[in-house]
Student: 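I have a structure here, written as structure tokens, and I will follow up with some questions on it.
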Amino acid sequence: MNDLSTTNNQNEQNLPKQYNPTTAQERWNKFWDESKLFQIKSNSTRRNSKGSFCVVIPPPNVTGALHMGHALNNTLQDIIVRMKRMQGYDTLWIPGVDHAGIATQAVVEKRLFDDEKLTRHDIGRDALVNRIWNWKNKYQTRIINQLKSMGCSCDWSRTRFTLDEICAKAVRHFFFRLFEKNLIYRGKRIVNWDTHLQTAVSDDEVVHETVDGNFWYIKYPIVEPKPDEPNFIIVATTRPETMLGDTAVAVHPDPESALNKATNNLKKRIENAPEKEKSDLQKELDEIENRKSSGQLDTLKKLAHMAKNGCKIKLPLTNRIIPLIVDNWAKPEKGTGCVKITPAHDPNDYEVGRRNNLPMINILNKDGSLNSEAGTYTGLKIKDAREKVVADLEKIGLLHSVEERVIELAHSDRSKTPIEPLLNDQWFVKMESLAQSAIDAVQEGEVIIIPERYTKGYVDWLSEKRDWPIGRQLWWGHRMPIWYCKNATEKEIKNAFNNRNDISWTLDEENNTWRICSLEEDLPKDAVKGYELVQEEDVLDTWFSSALWTHSTLGWPDLNDELDYYYPTGVLITNRDILTLWVARMVLAGKFNTGKKPFHDVYIHPKILDKYGEGMSKSKGNGVDPVSVIAKYGADAMRFGLAFLTTENQDVRLVLDFECPECGAVVEQTKKNRVMPKVQCPKCKKNFKTQWAEKDEDKILPEGLMINERFEVARNFCNKLWNAARFALLSLGDRKINFVTINNFLKSDLLEDRWILSRLATTTRDVTQMIETYRYAEAIRLLYDFAWDEFCSFYVEMVKSRLTDSERREVAESILFYVLRGLVILLHPVIPFVTEEIWQRLRDLDSSLESSVAIAGWMKSDESLIDLKIEERFKIFQELLRAIRDVRASRNIPPKDEISFAVKCNSTTAELLKPMEKYFLSMAKSRATQWGETVEAGTLSATVPLAGMDVYVDLSGVIDVSAEVLKLEKEIIKLDGFIKTKESKLSSDFISKAPQQVVEKERQSLEELKEQRQSASIAIKKLQEEIQK
RNA sequence: GGGCGAUUAGCUCAGUUGGUUAGAGCGUCUGGUUUACACCCAGAAGGUCAGCGGUUCGAGCCCGUUAUCGCCCACCA
């Protein structure tokens, strides 16, 4: 090695002691891009041997930048994609982003209002859409760059956007096909109205939040009550202003039996309830029972009777006369037992209204103010109207009482404003048959959801078969391909479109307006002679276009070779939040459009939570930018760390804090500072910027990067791998390795060689299987342990001496490089940059290697190299080595002092270990003196009894005899414990009932324990004799 | 109200179909610059696997139950 100094110096300069992720990322990203390794393969350049493997990215919303949740999602996809590519599949990963209608329009509108105090109505549809496009362009660029910096191996040339022309075409075709099959209809429904965004939102976009509210009890006067009848009906409400739209009050037709039923149910529940809840339930029951004796029930019975006789009520404030009706919806155990019915503003009341043919009075404008139906309250906002209604009722003495109460209030997920239920026209897709097809796909095993436990949620949700509301009153999205034509005859329509099969029409429910659906073309106003066509204003629900993502990205509806080859895709990797909204709809849309499932596997990965246990989201601002983690630890470390977290768990917690760029102090990330553009370090008092910095004055500050222990571990691992490679390369000097002929040396019969080759083959087999079944953490743990504990800590250490021996060098080098290359291949899907960096240096040694590790053949597990006996034998060596090292450390023997030891063992073990003598010297600075059955402890030795062998470490000169005795005594106590347990086990039913193998194992183990005990007590005797001397 | 999940070392988490003395990283402690790596090396201490009951020859794992925590779904005046 001494003669290699010149070359080594050069190499050492090229091989820094610490792996530098930043330069590697730049270099190899550029290289991958330029060599077009990840681009779709045309028919002629496909490998075809294994077929195709395609993945579509869950398109991130263009509302903002990616956070660690996305980083996890995309890391997991890239791991599979890279492995499949290396396995020889024609692999395609299609990237893209989602226009996210409501969410994106909401952020841009908010920005518009915050910055310029303008609303969308001030600037108009075109201007707003224009601004959203700018926003989209900005964030699409940022998102794609984030993905690239993570090392995602997407085909960037195929980046899609759910609102681009290719996707738009797919959307129109999907819509048209549904329309033609009569699966699309329009109807009046109570919708969740977002008064801020002024659009309907689906149930799935509504969140219930607990807020402080009131129960207002209002007296409704009865018109001309008979002497024995009450003058008032009292109703309770949390939304008193809606009384302006009341069209009835309902009471149960048979309050007595309904009340009995309710009390019986409650009694049953009390029986089964846990102790803690019983008292609350009992209170509830008492309250209801009380209704029977207090006369409340009698009143309800009377009211039911009155209702049947056509009793009328004068609605306060409006003085409208409304009926008292009987309906099962009114529950005698709830509220006052009477319920006000507001059919236009409550889903349940709507049903009651329909059943009883009640008028439906809408009192709201789209902006949340009251309309002309509200009389003197017209124009007031809901909140103001509520106050005034309550005040007015009080003034005229009709407010019975007010009760404070915590209520669950529906809020729009996007705007965080309260939802107002309101009767509106809405477009729907009939779900009956579509939902069934998606249920079948999963229940029949065509699509598999992993982990399996999520299947239930998927099936349950679809089983409700609720029709899908697809219209949104937004400006950002796919406009519905629907045109209205009033009063024309069908003949006129037919004439206008003269047998065209890209136009379809149907008459609306009132039979006077045609709805014309066009497949491709935007219909001109005058398409039907003599009539004006008006296009529907609504845009489609975002999920309507994302549902097509697996096939729209491959060019559907145009049937083409790519669609044919790459569809269905291999796996969809996503998180559980959108299993129903997105995944289920992709399955039904895929089946409907192509007749085939969109993917075979659905893998649901854990959700990343912050230190408060909250999921990362844009609205909370707790999303951590992966780029900030990459800047600190490197992309490989981030990927490794994230994938290492990916178990079958539902959630994983990832605690990230800032690192002050000025003084290096850890600045805890708090709910407060995580949304600020700059943060002051509490230690050095200097400011640093965060990912939210936008102003120039903030942007010039140094950035506080995100730190986390798990990424540090991962970074250390990358560095370890790098250094193992560095060692191998430096030891080579100016020699070369020929990877083609390397196999010649795999037959070496040295224990350590056979061992590492066996371990590599085992690891290869297991890791491949783990990744293929999405057990990421397990795969990574195997690689981590193999690379660090076996390859670095043992093989590399052991091979050192052979590398300086010109006769034994060649075999050693070959195997060293063979294993290194194998590790690099196996690790490449997880840590692509450092492995490419190493690969390219291996390639300098032998240019016959593939041009990039990304397209190197995946490791095949050579089963003939797996030798469990060898692995067992090596464990004996490791155990012995550890015992000696332990003696050294615990007896404080200076590292430089050489010691000697003898081992009492059978001849097989002796033969096995004898060739390893040199390793005890190099790895534990200890010299073996004797091996065999007749070996005895020296008088001044430490004795370590192991299974099947005793180790005697010579401690002459340093021994503390009584301490040694003490150690052995402790050991005996421990051994006695084990022996006792085992003996009792072996004298029980265990021997007759447990499998023979297990029993045999126990017996053997007991024998060994007894031998160890024997050895220990002999050793004690010897030492005691020494003391007596 | 329904569903899903979690509870294992000081901290963060592994633990495949039940089978020797329950593992890792970080942190702690002891000792180390030996021809890759201090982002390192060698070693150690630290756990009645949340409680109770059951099934079993045998339970961290299966069943029941209790407690604490989290998430999702649901139209309650």
Side-chain angles (χ1 to χ4, degrees), chain A residues 1-2 15 17-19 203-204 208 215 235-239 250 269 274-276 329-331 334-341 346-349 351 408 410 421 453-454 456-457 460-461 576-577 580 607 609 613 615 633 637 644-645 647 649-655 709-710 712-713 715-731 770 775 777-778 781 784-785 792-793 796-797 800-801 803-804 882 885-890 892-896 922-925 974 977-978 981-982 985 988-995 997-999 1001-1002 1004-1006 1008-1009:
Chain A
M1 241 187 53
N2 296 332
L15 295 168
K17 281 189 171 191
Q18 277 186 14
Y19 166 63
D203 289 348
D204 307 301
H208 292 270
F215 250 15
V235 295
T237 179
T238 55
R239 298 186 296 156
R269 266 181 58 202
E275 275 316 312
K276 204 178 66 174
W329 167 243
K331 306 277 186 261
K334 300 223 161 123
T336 62
C338 299
V339 58
K340 60 195 269 311
I341 302 297
D346 183 285
N348 293 303
D349 293 3
E351 291 305 320
E408 288 279 307
R453 65 171 179 274
Y454 293 111
K456 190 177 172 353
D460 287 352
W461 186 82
R576 66 177 188 279
D577 296 357
T580 52
K607 191 173 181 169
L609 306 179
Y633 299 103
F644 212 170
L645 289 169
T647 62
N649 243 324
Q650 285 200 138
D651 309 307
V652 291
R653 195 168 291 213
L654 191 65
V655 177
E709 177 214 302
R710 301 196 73 123
E712 201 170 307
V713 169
R715 182 253 262 140
N716 294 353
F717 176 78
C718 294
N719 194 53
K720 186 75 179 174
L721 180 72
W722 168 250
N723 269 290
R726 180 172 183 265
F727 166 77
L729 291 163
L730 288 178
S731 72
M770 295 300 127
R775 282 137 80 182
E778 244 175 297
R781 183 170 300 278
Y784 184 95
D785 291 346
C792 290
S793 294
V796 168
E797 287 308 317
K800 276 177 180 170
S801 60
L803 293 176
T804 55
R882 172 181 286 260
R885 283 170 165 177
D886 180 23
V887 170
R888 294 198 66 116
S890 56
N892 292 320
I893 297 170
K896 281 177 183 158
S922 66
M923 297 171 85
K925 199 126 177 118
K974 208 168 91 185
F978 295 149
T981 325
K982 282 204 196 296
K985 194 174 186 180
S988 70
D989 286 355
F990 174 71
I991 26 176
S992 56
K993 298 203 172 165
Q997 281 172 306
V998 177
V999 177
K1001 232 175 172 181
E1002 284 297 294
Q1004 204 183 326
S1005 157
L1006 178 61
E1008 277 168 4
L1009 287 169

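We name chains A, B, ... by the order of the sequence lines, and we start the count at 1 in each one.
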Student: Go through the N and O atoms of the side chain of A/E797 and the base of B/rA36, and report whether any donor-acceptor pair is under 3.5 Å.
Tutor: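 Such a pair is found, so the answer is yes.
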
Student: Testing the basics here: between A/R885 and A/A924, what is the closest heavy-atom pair and its distance to 0.1 Å?
Tutor: CG-CB, 4.0 Å

Student: Would you say A/R882 places a side-chain N or O within less than 4.0 Å of OP1 or OP2 belonging to B/rA44?
Tutor: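 So the side-chain polar atoms of A/R882 do come within 4.0 Å of the phosphate oxygens OP1 or OP2 of B/rA44, strictly under.
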
Student: Represent RNA chain B in dot-bracket notation, 5' to 3'. Only Watson-Crick or G-U wobble pairs with both distances under 3.5 Å count; pseudoknot-style crossings use [ ] and interstrand partners use |.
Tutor: (((((((..((((.....[...)))).(((((.......))))).....(((((..]....))))))))))))....

Student: Reckon A/D346 touches a base, only the sugar-phosphate, or nothing at all at heavy-atom distances under 4.0 Å?
Tutor: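 The residue A/D346 makes no contact with any strand.
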
Student: Among B/rG32, B/rA14, B/rC4, which is the nearest nucleotide to the side chain of A/P895?
Tutor: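 Nearest listed nucleotide: B/rG32.
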
Student: In Å and rounded to the nearest 0.5 Å, what is the CD to CH2 distance from A/E351 to A/W329?
Tutor: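 Between A/E351 CD and A/W329 CH2, I get 10.5 Å after rounding to 0.5 Å.
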
Student: Counting the atoms with a prime plus P, OP1 and OP2 as sugar-phosphate, which does A/C718 contact under 4.0 Å by heavy atoms, base, sugar-phosphate, or nothing?
Tutor: nothing

Student: As an exercise, state the distance from CD of A/E1002 to CD1 of A/I991, rounded to the nearest 0.5 Å.
Tutor: 11.5 Å

Student: Check whether any side-chain nitrogen or oxygen of A/K17 sits under 4.0 Å from OP1 or OP2 of B/rC40, and answer yes or no.
Tutor: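 Indeed not, no polar side-chain atom of A/K17 lies that close.
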
Student: Determine, for A/F727 and A/K800, whether the Lys NZ or Arg CZ falls below 6.0 Å from the six-membered ring centre while staying within 45 degrees of the axis.
Tutor: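 So A/K800 does make the cation-pi contact.
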
Student: Counting side-chain heavy atoms from CB outward, which of B/rA77, B/rA36, B/rC57 is closest to A/K800?
Tutor: B/rA36

